[in-house]
Asker: 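First the structure, which I've put down as structure tokens, then a few questions once you've had a look.
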Amino acid sequence: MYKTNSKVHVKRDDTVIVISGDDKGKKGKVVEVAPKEGKIIVSGVNVVSKHAKPRKQGDSGGILKVDGPIYADKVMPYCSKCDKGVRIKHKIQDDGKKIRVCAKCGAEL
């Protein structure tokens with residue numbers, strides 16, 4: 001059972017890599033974050049078929065491919081410099097702003 005605390009270690013527009021499950025090894029951008037559920041939606045990951053009914057006259061129904069949610073525990077932030085999933089460190093800049101950096105190489109994420 002996954003913990004459902006209201007904090008998620010990734011933010012929208014982060015590039016992440018999947019570390020477990022059917023889509024292991026896939027990279028994608030975080031489209032949506034649901035912290036209460038502990039889930040995120042990543043583009044190109046966990047693509048599911050959705051059956052859509054035509055709602056208005058002239059609309060076409062059919063089977064649509066949409067990105068389904070996955071647990072945030074199953075992804076790691078991706079560092080393009082290290083070319084792999086990494087942990088995050090927080091670094092405080094001279095002006096007092098807090099930024100997230102790669103724990104391995106120190107590149108800004």
Side-chain angles (χ1 to χ4, degrees):
M1 191 73 179
Y2 292 98
K3 279 197 299 186
T4 55
N5 60 354
S6 59
K7 272 187 112 174
V8 179
H9 67 287
V10 289
K11 297 179 181 178
R12 195 171 74 224
D13 294 333
D14 279 355
T15 304
V16 294
I17 189 163
V18 181
I19 56 171
S20 70
D22 293 340
D23 294 319
K24 183 177 179 176
K26 284 188 181 179
K27 285 182 281 193
K29 200 171 210 170
V30 177
V31 179
E32 194 177 322
V33 179
K36 275 192 174 177
E37 300 165 9
K39 292 185 177 186
I40 59 172
I41 295 177
V42 182
S43 61
V45 176
N46 192 26
V47 179
V48 294
S49 298
K50 183 178 180 182
H51 295 262
K53 194 174 184 179
R55 292 291 169 198
K56 296 176 189 162
Q57 193 171 1
D59 279 359
S60 61
I63 301 171
L64 306 172
K65 297 282 186 187
V66 294
D67 298 323
I70 60 171
Y71 282 104
D73 302 344
K74 293 182 174 243
V75 298
M76 283 183 90
Y78 179 76
C79 177
S80 55
K81 193 174 176 185
C82 297
D83 195 36
K84 61 182 175 179
V86 292
R87 292 184 180 174
I88 291 177
K89 276 172 65 173
H90 290 88
K91 188 176 181 182
I92 298 170
Q93 292 180 322
D94 296 333
D95 60 350
K97 190 176 181 185
K98 191 157 69 163
I99 59 168
R100 298 181 308 151
V101 295
C102 172
K104 292 264 186 193
C105 67
E108 191 174 331
L109 297 175

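All values below come from the heavy atoms of this structure, side chains included, with hydrogens, waters and symmetry mates left out.
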Asker: Minimum heavy-atom separation for Cys79 and Val86, please, with both atom names.
Answerer: CB-CG2, 3.7 Å

Asker: Look only at the side chain of Asp14 and the backbone of Lys11, and say whether a donor-acceptor pair between them is shorter than 3.5 Å.
Answerer: yes

Asker: With the side chain counted from C-beta on, respond yes when His90 and Ile99 share a heavy-atom pair under 4.5 Å apart, and no when they do not.
Answerer: no

Asker: Are Val18 and Val33 joined in one hydrophobic group, where the rule is that I, L, V, M, F, W and Y side chains link up if heavy atoms are under 4.5 Å apart?
Answerer: yes

Asker: Assigning hydrophobic clusters by single linkage (Ile, Leu, Val, Met, Phe, Trp, Tyr; side-chain heavy-atom cutoff under 4.5 Å), is Ile70 placed with Val10?
Answerer: yes

Asker: Would you name the heavy atoms of Ala52 and Leu64 that are closest together and state the gap between them?
Answerer: CB-CD1, 3.8 Å

Asker: Quick check against the 3.5 Å criterion: does Asn46 have a side-chain atom that pairs as donor or acceptor with the backbone of Pro69?
Answerer: yes

Asker: Tell me whether Asp95 at atom CG has more than 12 heavy atoms from other residues, nucleotides or ligands lying less than 6.0 Å away.
Answerer: yes

Asker: To check you understand the geometry: which heavy-atom pair defines the closest contact between Lys81 and Ala107, and what is its length?
Answerer: CD-CB, 4.0 Å

Asker: Tell me if the CG atom of Asp22 is crowded by more than 12 foreign heavy atoms within 6.0 Å.
Answerer: no

Asker: Can you get from Ile41 to Val8 by hopping between Ile, Leu, Val, Met, Phe, Trp and Tyr side chains that sit under 4.5 Å apart?
Answerer: no

Asker: Out of curiosity, Lys91 NZ to Lys89 NZ, how far, rounded to the nearest 0.5 Å?
Answerer: 8.5 Å

Asker: Quick one, Leu109 with Ile88, criterion side chain to side chain contact (heavy atoms under 4.5 Å, CB included). Give me CA distance, side-chain angles, the key distance, then yes/no.
Answerer: CA-CA 8 Å; Leu109 297 175; Ile88 291 177; 3.8 Å; yes

Asker: Using a 4.5 Å cut-off on heavy atoms from C-beta on, say whether the side chain of Lys29 contacts that of Asp13.
Answerer: yes

Asker: Please evaluate residues Val75 and Ile19 with respect to the criterion side chain to side chain contact (heavy atoms under 4.5 Å, CB included), reporting the C-alpha separation (whole Å), side-chain torsions for both, the decisive distance (0.1 Å), and the verdict.
Answerer: CA-CA 5 Å; Val75 298; Ile19 56 171; 5.9 Å; no

Asker: If every non-hydrogen atom of Lys74 is compared with every non-hydrogen atom of Gly21, which pair is closest and at what distance?
Answerer: NZ-CA, 4.4 Å

Asker: Might you point out which heavy atoms bring Cys102 and Cys82 nearest each other, and give the distance in Å?
Answerer: SG-SG, 3.7 Å

Asker: Do Val16 and Tyr78 have side-chain heavy atoms sitting under 4.5 Å apart?
Answerer: no

Asker: Distance check, rounded to the nearest 0.5 Å: Lys27 atom NZ versus Ser80 atom OG?
Answerer: 9.0 Å

Asker: If we count only N and O atoms by modelled type, under 3.5 Å, do the side chains of Lys65 and Ser49 hold a donor and an acceptor together?
Answerer: yes

Asker: Can you check whether Met76 reaches Arg87 side chain to side chain, under 4.5 Å on heavy atoms?
Answerer: yes

Asker: Ignoring hydrogens, what is the shortest heavy-atom contact between Ile40 and Ala72? Give both atom names and the distance.
Answerer: CG2-CB, 4.1 Å

Asker: For the pair Arg12 and Glu32, evaluate side chain to side chain contact (heavy atoms under 4.5 Å, CB included) and give the outcome as yes or no after the intermediate values.
Answerer: CA-CA 6 Å; Arg12 195 171 74 224; Glu32 194 177 322; 5.8 Å; no

